[in-house]
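For reference, the structure discussed in these notes is given below.
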Amino acid sequence: MGFHEEVNATEKGKRPHPVMLTHLLALAAHALAEADNRPEPKDLWKEPINATLWKPCSDQRDWKASGNISSSEETNGYIIISANGGINQQRVAICNAVTISRLLNATLVIPKFLYSNVWLDKSQFRDIYQEDYFIKYLKPDIRIVKELPLELQSLDLEAIGSLVNDTDVMKEAKPSIYVKKILPILLKNRVVHFVGFGNRLSFDPIPFQLQRLRCRCNFHALRFVHKIQETGALLVERLHGHMPHLSPLQDNLLGHFAGKSIPSGNRNESSKYLAVHLRFEIDMVAYSMCYFGGGKDEEEELEMYRQIHFPALTEIKRTTKLPSAAFLRSEGKCPLAPEEAALMLAAIGFKRRTSIYIAGAEIYGGRHRMAAISRLYPAIVTKETLLSPSELEPFRNFSSQLAALDFIACASADAFAMTDPGSQFSSLVQGYRMYYGGGDLPTLRPNKRRLASILVKNVTIEWKEFETRVNKLIQQTKQVHERPIARSIFRHPRCPECMCRTDN
Ligand SMILES: *[C@@H]1O[C@H](CO)[C@@H](O)[C@H](O)[C@H]1NC(C)=O
Ligand SMILES: *[C@@H]1O[C@H](CO)[C@@H](O)[C@H](O)[C@H]1NC(C)=O
Ligand SMILES: *[C@@H]1O[C@H](CO)[C@@H](O)[C@H](O)[C@H]1NC(C)=O
Ligand SMILES: *[C@@H]1O[C@H](CO)[C@@H](O)[C@H](O)[C@H]1NC(C)=O
Ligand SMILES: *[C@@H]1O[C@H](CO)[C@@H](O)[C@H](O)[C@H]1NC(C)=O
Ligand SMILES: *[C@@H]1O[C@H](CO)[C@@H](O)[C@H](O)[C@H]1NC(C)=O
Ligand SMILES: *[C@@H]1O[C@H](CO)[C@@H](O)[C@H](O)[C@H]1NC(C)=O
């Protein structure tokens, strides 16, 4: 394979990671230099016109049709959840819990977050979200309390059968399952604790007002704590070169920190930025079983990582014949490397001087691998480069809070590109941009399988053809349509429960 690039300098005695696709990268560099003085493609920072037909409306309540429980003190019991995963899974879990509490006429206890040894963050609900705002905002919908009543606190929930785990309620369970299996426990014991609760509630079928409540929770009831909002506002201000304009999006993300003037030497009303979520951390890379051009060193390093962190995978690999790395790549099953992301952006027409915010944790291959993208796009920034060490310090040990800062920067970006359409973070950001964007906040979502089928020709393809084919693929994913049945309302809120069409 003749596409490795050997570079001499090494960090910490390790050999640098060779970059793939050097031929195409050279063509891209040339094309970007040539395009410098040409105008940008006219729809680069835009969504199709009919995106403006959808307006947020999940804040509108109409419980009359389906009964009215909130004002009464009556409750069928208390629901506790312990959400697993990182901040994004937690968010989904919270809103599913809100929905189920309403369905069962139950009182919700402020959700708890399980400590995960992947995310290593002890943050609880109140460290990330405004607790009182959440309770108050949802008051017409459900009753939420901070703690279980004293008389229930001493119960041994496991012994009385009130602990419910993933085995008891399957993934994306229908509401009727909850009524059938959970309600009796609730009525008998007055309390149910869901442990490891996540995506346990189906998207369809579900009553209209309950779906709307789930949207309301995600898009309106959850607000970051002031500490996160304030630093998020600082990030957005530095990215835009001016303070964030007050808009429904900024109001939701930044609260009163939006529109507040923070002295800044560099005000430029016209500066746009692109945010990119590069999901290329070592866990993702190792888990994918793909090959990224790094030869024996890479293979050994990733195998070692798998042995430590994914022993089950190592075991399967030993005993079963798995698809080859080349096959996985051709099927679009590999995370996009930074160089692949850079090529995609160049093909779409982003200029060399575009400001690009990179979200995500440590990129596998580090600075060296990032060089491939920064050679094409020198104006790359991250939260680590935009914020001073002392501004970052309060967040340093809290991966969820750092992810919240990335969330704010990506949701506020003039354009957002993801490299992994399966990522929960990217999905939530996309949903936010759809909901609050008014048709002005485009999201670029590659079809990885089709992109792989173009990239496999990297040695022979001409730049023009590469550009044409990538653009076609991106245009298709930009199309505006209603949420397909059973798809996530968090990722795709364009549906009557969450957003209202203004043309009928
Ligand atoms: C429903 O609740 C509202 C207050 O949230 C109250 O004004 C109204 O009377 C209630 N309706 C019924 C039918 O109980
Ligand atoms: C919840 O309360 C409403 C209104 O009182 C009632 O119609 C519904 O049957 C109750 N559901 C459950 C599961 O208790
Ligand atoms: C889930 O609960 C059931 C009993 O309801 C128990 O048999 C099972 O071991 C539990 N599973 C986990 C993963 O804790
Ligand atoms: C604002 O930024 C654009 C592009 O970065 C630049 O061309 C323009 O000169 C800047 N304007 C001011 C007033 O700084
Ligand atoms: C972060 O964790 C390290 C090691 O556990 C500790 O020394 C440091 O004080 C912590 N910093 C903050 C801001 O909590
Ligand atoms: C680049 O082309 C070579 C030769 O056809 C191929 O083996 C390799 O998989 C391609 N790289 C990518 C990232 O698709
Ligand atoms: C938006 O327009 C495209 C074509 O321009 C069409 O295919 C699509 O169905 C439209 N979507 C909606 C929701 O009207």
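Atoms within a ligand are numbered from 1 in the order they appear, just like the ligands themselves. All values below were derived from every heavy atom in this structure, side-chain atoms included, with hydrogens, water molecules and symmetry-related copies excluded. One-based numbering along the sequence shown.
Around OH of Tyr287, the count of heavy atoms belonging to other residues, nucleotides or ligands within 6.0 Å does not exceed 12.
Contacts of Arg329 with ligand 6, taken as heavy-atom pairs under 4.0 Å, involve the side chain alone.
Between Asp414 and Arg433 there is no salt bridge, since no side-chain N of the basic residue sits under 4.0 Å from a carboxylate O of the acidic one. With respect to Glu340 and Arg329, a salt bridge is recorded, a charged nitrogen being found less than 4.0 Å from a carboxylate O.
Residue Leu103 has at least one heavy-atom neighbour below 4.0 Å for each of these atoms of ligand 2: 13 (C). Taking every heavy atom of Leu183 and a limit of under 4.0 angstrom, the matching atoms of ligand 2 come to 13 (C). Remark: ligand 6 atoms within the under-4.0 Å shell around heavy atoms of Val459 are 2 (O), 4 (C). Each of the atoms 2 (O), 5 (O), 14 (O) of ligand 6 lies under 4.0 Å from some heavy atom of Val456. Of all atoms in ligand 2, listed by their number and element, those nearer than 4.0 Å to a heavy atom of Asn76 are 12 (C), 14 (O).
The side-chain contact (heavy atoms from CB on, under 4.5 Å) check on Glu331 picks up Phe327, Lys333, Arg449, with sequence neighbours excluded.
In terms of polar-atom proximity, Asn458 is counted as a contact of ligand 6, with an N or O under 3.5 Å from an N or O of the ligand.
In this structure, OH on Tyr357 lies 6.5 Å from OG1 on Thr382, to the nearest 0.5 angstrom.
Each salt bridge (Lys or Arg N to Asp or Glu O under 4.0 Å) pair with one or both residues in residues 198-211, not counting sequence neighbours, appears once here: Asp166-Arg200, Asp204-Arg483.
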